[in-house]
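Here is the structure we will look at, set down as structure tokens.
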Amino acid sequence: MMNNQSREDASQDFLAAMNMGATSPDPCVMVVFGASGDLTKRLLIPSLFNLYCDNLLPDSFAILGMAMDDFTSESFRLKMSADLHKYSRREHFDEIAWADFCDSIHYLKGRFDDDDAFRQLKSFLQALDGRYDTEGNALFYMATPPSVFGMISTGLEGVGLNHSDDGWRRIIVEKPFGSDLASARKLNREILTYWREDQVYRIDHYLGKETVQNLLAFRFANGMFEPLWNRTHIDHIQITATEQVGVEWRGGYYDQSGVIRDMVQNHLFQMMAYLCMEPPTSFEAEAIRNEKFKLLSAVRIMKHEEVRHMAVRGQYDEGVLPDGSPAKAYRDEHAVDAHSNTETYAAVKLRIDNWRWHGVPIFLRSGKALRTKSTEIVVQFRRAPEFTFRGTPASGQLEANQLIFRIQPNEGIEIRFLAKRPGPSMHMRKVNMNFEYDEAFITHPGTGYETMLYDCMHGDPSLFSRSDLVETAWRIVQPILDVWGAEKARDFPNYPFGSWGPKAAFNLPAPDHRRWLARTPQQALERVPMFEGSGKMMLHAFAMMLKPAVFNAGDEIARLGDEGRELFIIEMGSVDIIDQEGDVVTTLGDGQVFGELSLLVTKKRRASVRAVSYCALYIMEKRDFCKVLMDRPQFAGRLMQTARERYNVIVDAQEWMASDDLD
Ligand code: NDP
């Protein structure tokens, strides 16, 4: 269906690598229920067009959109064309290819509770099958609200479209698959009454992302990690998925959902399963899905009384957008209840009761309206024993190794480890090795849907959820949903738009002396005047030392008279510096630093510091600061100069670096 010139002109070979050796799927008609909706225009049609341009659609292929809106095929094509020009991420939009592709799009108006509409659908499908020679194969995509999934599956059965003697019949069911364990079971029952499990493709397009799939490649194609992948060597795991945006136009949907249902139960659990499951015996769909199921089944189900200690919820307040303009509180968003109890942030601590992971906590967190958009996994290894370095400066400097998977943005893998600092004595410092996907491969701007659609047309369900997997995932979050549903959060809203999330989330790993990995610390350092001109390498070295902390308005951050051993960088918020008389000496805000003097001289603090508002701070401990500084005597000299000018404190850089205090 695509002319040769168009194929050649499809310049953005986003799937070029995958395209090599990829076979064209079976001919088919794809019926999109809910074709006038948001998903269809923003993700489905752009993804199908991407596949088309990369020659990954069958030659015999047609799309039939169905919804309640009053379109003809012609007017629907015009709408799709306008939408695609808006939403396609292709760098070079190929108009000829689009015109070709567009010809294969059709539309049928109909309600999903109307039997007659399904009879019309059947006739339309037969006509398209004849015209496009699609061999009786049909893929039904439910791009609709979940409330009508059951209705559509039943409607299709009513006219016998759930089976065919000639070709295959498959349905793709969008997420969310249910809203709790009971509704997921009910939906499974409804669908599986008329469809076989192998016909049902429950989609979570997150799994179509290359970097998520790369978790499998990393774990099972690299022999060196598997022996370390267990409780003997791994201390804990962190999985974080944050968004900068609020609920935008989806308040109506989101207010019924919340982040546990929207992100944790599906995306985060999928990543956890890939990361923690046993090696499958093959790459066959069932082998992988069996291992995922076993892993999720081993997650300890929280008792209701444990939810308070193992899970933290948050809801965003008004704040600031990245461009500095004001942002609404969640409760003021369109279609959100003004007293909503829905969580827009969650942090959860899970335990996996199997031999491999016993005693290794898994920390998950996700939220909207946060400072950065990022998805990342941190595998923290156990610290090496220190006895070898007894009697050397290195004892006390040992830190745990970390393996970091950056899923998005800047997809890559990083390993942080210790190295000896050059020089006669045995000093250690944290360094890293970094792998960036887009330096090694031509990466593509795909949505994740391309892979999922391609696999489904091929009949490969590896990346799709099975009924038992979905139900098991719901079973894990059900106690959290029960407790949070029954107990209204008293502190909502509890984090500002554009912040790091609620303070309590930062305390979740803390009882075990664990911490979330700091996000974007390098940018924070760049804003600090003291670090001006430090150079990329040094900033990078400092950035790896920073630890994040959150304080609420009124919290005491540092106390007068305490021995100060750390520097604080204000990422956001403001603090009062209060002298011994209790007077506010000054107020500091974003990008400013306090406590730097305590890095230079061991003295009791001469002032207290109190949070005026919600504060996100980076903490740099003296010993970490010094480790980096030792390698940069010039910067140390400059720092001493600053100390002299700003605080009238004279410190000898050489003496200071040699002091026992730093070891
Ligand atoms: P929309 O509300 O934008 O679209 C729903 C579509 O279904 C509309 O075309 C609507 O028609 C149609 N529809 C609903 N009920 C009926 C009915 N009884 N008879 C006929 N047509 C009906 O939803 P989205 O496109 O945003 O989402 C669709 C699904 O995809 C949801 O399950 C969502 O969770 C999931 N999803 C969405 C994402 C997104 O970015 N939008 C991302 C990931 C998943 P009409 O316009 O006439 O009402």
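The shown structure was predicted, so the numbers you read here are calculated from the model rather than taken from an experiment.
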>> Apply ring pair (Phe, Tyr, Trp, His ring centres under 6.0 Å) to residues Phe464 and Phe177 and explain how you reach the verdict.
In response: CA-CA 12 Å; Phe464 295 83; Phe177 195 90; over 10 Å; no

Atom [atom1] in [X], atom [atom2] in [Y]: separation rounded to 0.5 Å?
X: Lys368; Y: Glu248; atom1: NZ; atom2: CD; value: 7.0 Å
X: Thr451; Y: Leu463; atom1: OG1; atom2: CG; value: 7.5 Å
X: Ser465; Y: Leu207; atom1: OG; atom2: CG; value: 7.0 Å
X: Glu376; Y: Ile404; atom1: CD; atom2: CD1; value: 6.0 Å
X: Met80; Y: Ser36; atom1: CE; atom2: OG; value: 8.0 Å
X: Ser462; Y: Leu216; atom1: OG; atom2: CG; value: 9.5 Å

Atom [atom1] of residue position [X] - does it have more than 12 heavy atoms of other residues, nucleotides or ligands inside 6.0 Å?
X: Lys488; atom1: NZ; result: yes
X: His334; atom1: NE2; result: no
X: Arg331; atom1: CZ; result: yes

So, do [X] and [Y] sit near enough that their side-chain heavy atoms are less than 4.5 Å apart?
X: Met572; Y: Val320; answer: no
X: Asp455; Y: Pro461; answer: no
X: Asn214; Y: Phe218; answer: no
X: Asn401; Y: Ile415; answer: no
X: Gln402; Y: Lys430; answer: yes
X: Met272; Y: Val299; answer: yes
X: Phe492; Y: Tyr330; answer: no
X: Leu525; Y: Met545; answer: no

> Ring centroid separation for Tyr87 and Phe49, is it under 6.0 angstrom?
Replying inline: no

Ignoring hydrogens, what is the shortest heavy-atom contact between [X] and [Y]? Give both atom names and the distance.
X: Ala518; Y: Leu546; value: CB-O, 3.5 Å
X: Asp235; Y: Pro361; value: O-CD, 3.5 Å
X: Pro46; Y: Leu84; value: CA-CD1, 3.4 Å
X: Val477; Y: Phe269; value: CG1-CZ, 3.6 Å
X: Tyr316; Y: Lys328; value: CE1-O, 3.4 Å
X: Ala346; Y: Ile260; value: CB-CD1, 3.8 Å

Do [X] and [Y] have side-chain atoms, one donor and one acceptor, less than 3.5 Å apart?
X: Lys536; Y: Gln522; result: no
X: Asn50; Y: Ser47; result: no
X: Asn432; Y: Glu414; result: yes
X: Thr372; Y: Ser374; result: no
X: Asp255; Y: Ser340; result: yes
X: Tyr141; Y: Thr40; result: no

Main-chain N/O of [Y] paired with [X] side-chain donor or acceptor, under 3.5 Å:
X: Arg261; Y: Pro176; value: no
X: Arg371; Y: Glu571; value: yes
X: Tyr614; Y: Gly501; value: yes
X: Ser499; Y: Tyr495; value: no
X: Lys175; Y: Asp262; value: yes
X: Gln592; Y: Ser574; value: no
X: Asp337; Y: His339; value: yes
X: Glu343; Y: Val259; value: yes

>> What verdict does the side-chain contact (heavy atoms from CB on, under 4.5 Å) test give for Glu318 and Phe497, after you've listed the backbone C-alpha separation in whole Å, the side-chain angles of each residue and the deciding distance to 0.1 Å?
In response: CA-CA 5 Å; Glu318 58 190 25; Phe497 199 114; 5.9 Å; no

Charged N to carboxylate O below 4.0 Å: is that the case for [X] and [Y]?
X: Glu566; Y: Lys547; answer: no
X: Lys209; Y: Glu411; answer: no
X: Asp353; Y: Arg300; answer: yes

>> I'd like to know whether Arg202 forms a side-chain hydrogen bond (donor to acceptor under 3.5 Å, both in side chains) with Asn266, so could you lay out the CA-CA distance, the side-chain angles of the two residues, the decisive distance to 0.1 Å, and finally the verdict.
In response: CA-CA 11 Å; Arg202 298 170 193 81; Asn266 37 61; over 6 Å; no

> Are Tyr345 and Asn494 close enough, and set up right, to give a side-chain hydrogen bond (donor to acceptor under 3.5 Å, both in side chains), and what steps lead you there?
Replying inline: CA-CA 10 Å; Tyr345 182 103; Asn494 58 0; over 6 Å; no

> Which is it for Val212 and His267 under the side-chain contact (heavy atoms from CB on, under 4.5 Å) test, yes or no, and what are the steps along the way?
Replying inline: CA-CA 10 Å; Val212 177; His267 299 338; over 6 Å; no

>> Quick one, Arg185 with Arg475, criterion side-chain contact (heavy atoms from CB on, under 4.5 Å). Give me CA distance, side-chain angles, the key distance, then yes/no.
In response: CA-CA 11 Å; Arg185 279 183 175 151; Arg475 195 169 295 119; 3.4 Å; yes

>> salt bridge (Lys or Arg N to Asp or Glu O under 4.0 Å) for Asp83 and Arg42? Distances and angles first, verdict last.
In response: CA-CA 7 Å; Asp83 289 337; Arg42 282 197 318 117; over 6 Å; no

>> Could you go through Asp38 and Arg250, starting from their C-alpha distance and side-chain angles, then the distance that decides it, and tell me whether this counts as salt bridge (Lys or Arg N to Asp or Glu O under 4.0 Å)?
In response: CA-CA 10 Å; Asp38 183 68; Arg250 302 187 76 206; 5.1 Å; no

>> For Phe381 and Trp229, take the angle between the two ring planes, folded into 0 to 90°, and tell me which bin it lands in: parallel under 30, tilted 30 to 60, perpendicular over 60.
In response: perpendicular

>> Let's go through Phe33 and Ile171 carefully: what are the C-alpha distance in whole Å and the side-chain angles of both, what is the deciding distance for side-chain contact (heavy atoms from CB on, under 4.5 Å) to 0.1 Å, and is it a yes or a no?
In response: CA-CA 11 Å; Phe33 296 103; Ile171 46 171; over 6 Å; no

